[in-house]
Amino acid sequence: MALLDIRRLGAKVLRRKAEPVEEITDETRRLVSDMWDTMYEAEGIGLAAPQVGISLRILVVDVTNEDESHHRRALVNPVVVESSDATDKAMEGCLSMPGIEEAVTRPARVTVEALSEDGEPVRIEADGLLARALQHEVDHLDGVLFIDRVSPLKRSMLRRKWRKRKTE
Ligand code: NI
């Protein structure tokens, strides 16, 4: 088990567009395994590689939807290929901004295509919390944080709260 250092708001790597994984190797799988350990230790439901300082397009999510279906996925080079017009608003947080939460509006359903950690193509039709978690984590791969998805007023409020929290 290896725990990685989770980068917080302000770290440049969180704002970079991550590179696609060219080849899935044992090293990729080791990173995924370490990301699982790190995510569970931090009691998160999702984690993207840039959050542990690695600018590669890899994410992990472990969520249970309202219908009690359980989804545990490691995705390499994930792409949101379809988004519903219908949206959904719910609270989000992020391991890179602990203690900060805000309601975020996102498409209610998405289809994501990716590779598994074994290099197999996967296609996921997601709704509920899974859809939200996947969109949040794919955003991380593009250098986008959930605070970018709220109004400018809310965003400056959250930033103030974050700065205050950090200096306490
Ligand atoms: Ni996050």
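Read the numbers this way: they start at 1 and go in the same order the structure lists the ligands and their atoms.
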TODO: Going by the side-chain contact (heavy atoms from CB on, under 4.5 Å) test, name the single residue among Leu115, Asn77, Val32 that passes it with Ile24.
DONE: Leu115
Task: Atom pair CD1 (Ile100) and CE (Met157), whose distance is rounded to the nearest 0.5 Å - done: 8.5 Å
TODO: Using only heavy-atom distances, determine whether the side chains of Thr111 and Glu125 contain a donor-acceptor pair under 3.5 Å.
DONE: no
TODO: Enumerate the protein N/O/S atoms at a distance below 2.8 Å from the Ni ion (ligand 1), ignoring waters.
DONE: Cys94 SG, His136 NE2, His140 NE2
Task: Short side-chain donor-acceptor distance under 3.5 Å, Ser116 and Asp118 - done: no
Could you tabulate the donor-acceptor pairs under 3.5 Å formed by side-chain atoms of residues 126-134, not counting sequence neighbours?
from: Asp127; atom 1: OD1; to: Asn65; atom 2: ND2; distance (Å): 3.3
from: Arg132; atom 1: NH1; to: Glu92; atom 2: OE2; distance (Å): 2.7
from: Arg132; atom 1: NH1; to: Val104; atom 2: O; distance (Å): 2.8
from: Arg132; atom 1: NH2; to: Asp88; atom 2: O; distance (Å): 2.9
from: Arg132; atom 1: NH2; to: Val104; atom 2: O; distance (Å): 3.3

- [ ] Using the six-membered ring of Trp36, assess whether NZ or CZ of Arg72 lies under 6.0 Å from its centre and within 45 degrees of the ring axis.
- [x] yes
